[in-house]
Amino acid sequence: MSRAAGERVSSLLGLWLLLCSWVCPGSTELQAPPDKIAVIGAGIGGTSAAYYLRQKFGKDVKIDLFERGEVGGRLATITLQGQEYEAGGSVIHPLNLHMKRFVKDLGLSTIQSSGGLIGVSNGDTLVFEESSWFIINIIKLIWQYGFQPLRMHMWVEDVLDKFMRIYRYQSHDYAFSSVENLLHSLGGDDFLGMLNRTFLETLQKAGFSKKFLDEMIAPVNRLNYGQSMDVNGFVGAVSLAGADSGLWAVEGGNKLVCSKLLQASKSNLISGSVMYIEEKTRTKQTGNPTRMYEVVYQTGSETRSGFYDIVLVATPLNRKMSNITFLNFDPPIEEFHQYYKQIVATFIKGKLNSTSFSSRALDEFGLSTILTTDNSRLFINSIGIVSPVKENNNPQPSTDGAFVWKTFSPETLTNEQLLKLFLSYEYAVKQQWHAYPYYKPPDKCPPIILHDRLYYLNGIECAASAMEMSAIAAHNAALLAYHRWNGHTDMIDQEDLYEKLKTEL
Ligand SMILES: Cc1cc2nc3c(=O)[nH]c(=O)nc-3n(C[C@H](O)[C@H](O)[C@H](O)COP(=O)(O)OP(=O)(O)OC[C@H]3O[C@@H](n4cnc5c(N)ncnc54)[C@H](O)[C@@H]3O)c2cc1C
Ligand SMILES: *[C@@H]1O[C@H](CO)[C@@H](O)[C@H](O)[C@H]1NC(C)=O
Ligand SMILES: *[C@@H]1O[C@H](CO)[C@@H](O)[C@H](O)[C@H]1NC(C)=O
Ligand SMILES: *[C@@H]1O[C@H](CO)[C@@H](O)[C@H](O)[C@H]1NC(C)=O
């Protein structure tokens with residue numbers, strides 16, 4: 001094509017674009033914003049989704065947020081003798097940028113998670129024990145495991161480095177239509193492959209020894225996901241990042257992020273349990289018949305419903321947890337059977353029986369967190385001293401030497417078990433969770449787009465369940481809903497984003 005012809009084509013194109021912005025159907029300027037959006041679930045996923053939806057769709061759209069329990073969901077505190085403690089999601093990584101941003105923008109404060117000494121028990125003895133001397137820890141680690149801890153640190157850094165690309169993509173408004181596409185854009189086939197292999201296989205392939213994995217890595221995974229090294233490699237990496245230094249929490253409780261996001265999003269909280277969602281044709285004020293979603297929910301003894309242009313589901317979809325039915329969809333929306341693992345958190349105020357972990361007496365014990373190796377005889381995954389959500393300093397024992405401890409276990413602890421762990425205790429209070437997915441690679445992720453304008457956030461938990469993962473899924477779903485509503489297909493599933501954005505500042 002000659003230069004002149006090329007110029008004519010491009011100026012024609014310009015004219016067409018100009019005209020198009022007035023008259024073309026489906027173009028940005030003409031697409032009216034949605035009237036009403038529903039978000040189901042007011043955990044960190046749902047409340048951050050409402051916040052991002054407000055940013056994208058503007059001030060006029062009405063956003064309803066449905067919650068059948070407490071705002072916060074799996075972020076919750078428990079009050080014991082007038083003090084509040086984190087009972088669900090408790091620590092946040094220093095590089096969890098969405099969570100960091102929320103805390104800053106919403107005017108909340110942080111507390112550093114207290115760094116007491118950690119030991120690892122195999123049920124008989126301590127296989128590893130931290131010292132309060134940094135240099136001794138280094139010598140101990142090298143003595144026991146050579147340079148594997150350092151190599152492991154580098155392996156996690158590498159995964160984290162790629163993972164951080166998501167913030168750049170999202171700050172440029174790019175969205176992904178599936179969890180697989182999102183992961184692929186971050187770390188290519190390597191990342192996707194991590195969902196297909198167990199954490200054990202992944203690390204053995206990378207050359208780590210069985211002793212190191214058994215004594216250092218498996219215990220961390222038992223603490224963070226209550227599961228063995230048979231979880232997928234990606235969640236394993238997230239779990240290890242959760243053992244980094246610099247972990248923090250929100251002063252007053254992590255759930256405050258959710259209630260503040262809800263406020264800031266100016267959405268309308270509806271206390272009710274969503275029973276089903278049905279696609280129906282409605283005639284709007286404009287007179288045009290429109291396909292809409294009817295959300296039917298129960299509040300008290302009443303059944304009510306509302307019609308929405310867009311719906312975001314921000315709770316795990318399965319019978320035991322959300323129990324939401326999709327009626328009359330064509331094609332039908334499949335039922336999900338993601339199985340969530342039960343974890344019991346028990347708060348015990350008492351004096352630890354340190355001899356059940358080591359041969360030393362309590363006054364010389366000195367550890368404040370004990371992790372466990374993968375051993376079927378053990379009835380707890382971990383136990384550690386906790387401080388209230390309002391305290392920024394190290395926990396102090398009561399006058400008789402008792403601390404407040406938190407254990408995680410797969411089952412409710414019996415009185416007999418408690419008396420093995422403690423010389424005596426004042427109280428033991430439990431909180432039971434359907435905590436996170438039961439990981440069993442190859443882990444296939446549920447879709448994000450369930451139907452035309454119906455989105456699902458919690459599929460991302462198949463890769464890894466964490467507050468930040470839900471916030472990332474929420475940001476993605478809000479962007480995806482916005483771009484699909486406005487026909488901006490160029491903002492969805494772009495290949496090679498990393499290379500494209502590298503040159504941009
Ligand atoms: C014990 C434990 C420890 C954890 N530790 C950490 C940690 O240290 N760091 C970390 O980052 N993550 C941690 N996590 C994971 C983290 O808490 C979750 O990944 C995250 O909170 C999930 O948020 P969500 O909003 O996606 O889901 P949820 O918090 O589960 O929110 C879903 C909400 O939807 C509501 N709902 C469900 N069905 C319906 C319905 N039909 N109608 C109306 N409402 C409905 C529920 O009541 C709930 O409030 C932990 C989790 C547990 C359980
Ligand atoms: C992962 O396994 C699935 C089958 O379960 C396969 O379709 C997919 O190609 C695999 N992905 C990678 C990157 O290995
Ligand atoms: C799920 O909801 C249906 C009604 O919508 C109800 O009959 C059933 O008992 C519920 N199941 C659970 C596990 O809550
Ligand atoms: C402490 O634990 C040890 C080992 O499990 C047990 O033998 C001992 O009886 C316990 N002590 C008390 C006082 O319960």
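Each ligand, and each atom within it, is numbered from 1 in the order the structure gives. Hydrogens, waters and symmetry mates are skipped; everything else that's a heavy atom, side chains included, is used. Throughout, numbering of the chain's residues begins at 1 and tracks the sequence.
- For atom 9 (O) of ligand 2, the nearest protein heavy atom lies 4.0 Å away or farther.
- Remark: among candidates M469, H434, M467, the nearest residue to atom 16 (C) of ligand 1 is M467, based on non-hydrogen atoms.
- None of V235, V231, I343, N224 except one satisfies the side-chain contact (heavy atoms from CB on, under 4.5 Å) rule with Y436; the exception is I343.
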### Message
Run the side chain to side chain donor-acceptor pair (under 3.5 Å) test on E495 and H184 for me, step by step, so that the C-alpha distance in whole Å, both residues' side-chain angles and the decisive distance to 0.1 Å come before the verdict.
### Response
CA-CA 9 Å; E495 303 268 338; H184 193 267; 5.2 Å; no
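- When the heavy atoms of R68, M321, E67 are ranked by distance to atom 47 (O) of ligand 1, first place goes to E67.
- Applying the side-chain contact (heavy atoms from CB on, under 4.5 Å) test between I277 and each of V296, I40, T325, N328 identifies I40 as the sole match.
- No side-chain donor from either of T198 and D230 sits under 3.5 Å from a side-chain acceptor of the other.
- Here the two rings, on Y340 and Y438, have centers that are 6.0 Å apart or farther.
- Residue E70 touches ligand 1 through its backbone alone, judged by heavy-atom distances below 4.0 Å.
- Looking only at protein heavy atoms, the nearest one to atom 2 (C) of ligand 1 is G88 C, 3.7 Å.
- The shortest distance between side-chain heavy atoms of I217 and L240 falls below 4.5 Å.
- Close approach of ligand 1 to S90 (heavy-atom distance below 4.0 Å) involves ligand atoms 5 (N), 6 (C), 7 (C), 8 (O).
- Y293 has its ring centre no less than 6.0 Å from the ring centre of F307.
- Of the N or O atoms in N458, one or more lie within a sub-3.5 Å distance of an N or O in ligand 1.
- In this structure, K56 is positioned above the aromatic face of Y482, its NZ or CZ under 6.0 Å from the six-membered ring centre and within 45° of the axis.
- Interatomic distance, CG of N381 versus CG of D374, reported as 9.0 Å (0.5 Å rounding).
- Cation-pi geometry between K36 and Y308 is met: the NZ or CZ atom falls under 6.0 Å from the ring centre, inside 45° of the normal.
- Heavy atoms of F408 approach ligand 1 to within less than 4.0 angstrom.
- Of the protein's non-hydrogen atoms, the one nearest atom 20 (C) of ligand 1 is I44 CG2, 4.1 Å.
- Contacts between S470 and ligand 1, counted as non-hydrogen atom pairs separated by less than 4.0 Å, involve the side chain only.
- A salt bridge links D105 to R101: at least one charged side-chain nitrogen sits closer than 4.0 Å to a carboxylate oxygen.
- From the protein, the heavy atom lying nearest to atom 42 (N) of ligand 1 is V274 N, 2.9 Å.
- With no hydrogens or angles considered, no side-chain donor-acceptor pair links R54 and S265 at under 3.5 Å.
- Set against the non-hydrogen atoms of G72, the atoms of ligand 1 under 4.0 Å away are 29 (O).
- Assignment of V91 to the shell around ligand 1 is supported, since a heavy atom sits closer than 4.0 Å.
- Checked by distance only, ligand 1 and P316 stay at 3.5 Å or farther apart across all their nitrogen or oxygen atoms.
- Nearest to atom 19 (O) of ligand 1 among the protein's heavy atoms is S465 OG, 3.0 Å.
- Nearest protein neighbour of atom 37 (C) of ligand 1, counting heavy atoms only, is T315 OG1, 3.1 Å.
- The closest non-hydrogen atom to atom 43 (C) of ligand 1, taken over A474, G41, G89, G272, comes from G272.
- In this structure, of R74, K406, E468, K341, the residue bringing a heavy atom nearest to atom 21 (O) of ligand 1 is R74.
- Residue L75 has at least one heavy-atom neighbour below 4.0 Å for each of these atoms of ligand 1: 17 (O), 21 (O).
- Ligand 1 does not have I92 within reach: every non-hydrogen atom of the residue lies 4.0 Å or more from it.
- Of all the atoms in ligand 1, the ones that sit under 4.0 Å from a non-hydrogen atom of G45 are 24 (P), 25 (O).
- When only modelled atom types and interatomic distance are considered, T77 and E86 share no side-chain donor-acceptor pair under 3.5 Å.
- The aromatic rings of F199 and W155 lie tilted to each other, with the angle between the two planes from 30° to 60°.
- Checking K390 against Q83 by side-chain atom types alone, no donor-acceptor pair falls below 3.5 Å.
- Just one of Y439, F191, Y225 meets the ring-ring contact (aromatic ring centres under 6.0 Å, His included) condition when paired with F234; it is F191.
- Proximity of atom 4 (C) of ligand 3 to the protein is not indicated, since no non-hydrogen protein atom lies closer than 4.0 angstrom.
- Closest protein heavy atom to atom 31 (O) of ligand 1: G43 CA, 3.6 Å.
- When G73, A314, A87, S273 are ranked by how near their heavy atoms come to atom 32 (C) of ligand 1, first place goes to A314.
- The contact set between ligand 1 and I324, taken as ligand atoms under 4.0 Å from a residue heavy atom, comprises 41 (N).
- Of the heavy atoms in L457, none comes closer than 4.0 Å to ligand 1.
- Of the protein's heavy atoms, R319 O, 3.6 Å lies nearest to atom 13 (C) of ligand 3.
- When heavy-atom distances to ligand 1 are checked against a 4.0 Å cut-off, N224 has no atom that comes that close, whether in backbone or side chain.
- Residues R291 and D452 have side chains not in contact (no heavy-atom distance under 4.5 Å, counting atoms from C-beta outward).
- For a threshold of 3.5 Å applied to N or O pairs, the pair formed by N196 and ligand 2 contains at least one separation below that value.
- The protein non-hydrogen atom at the shortest distance from atom 6 (C) of ligand 3 is N323 ND2, 4.2 Å.
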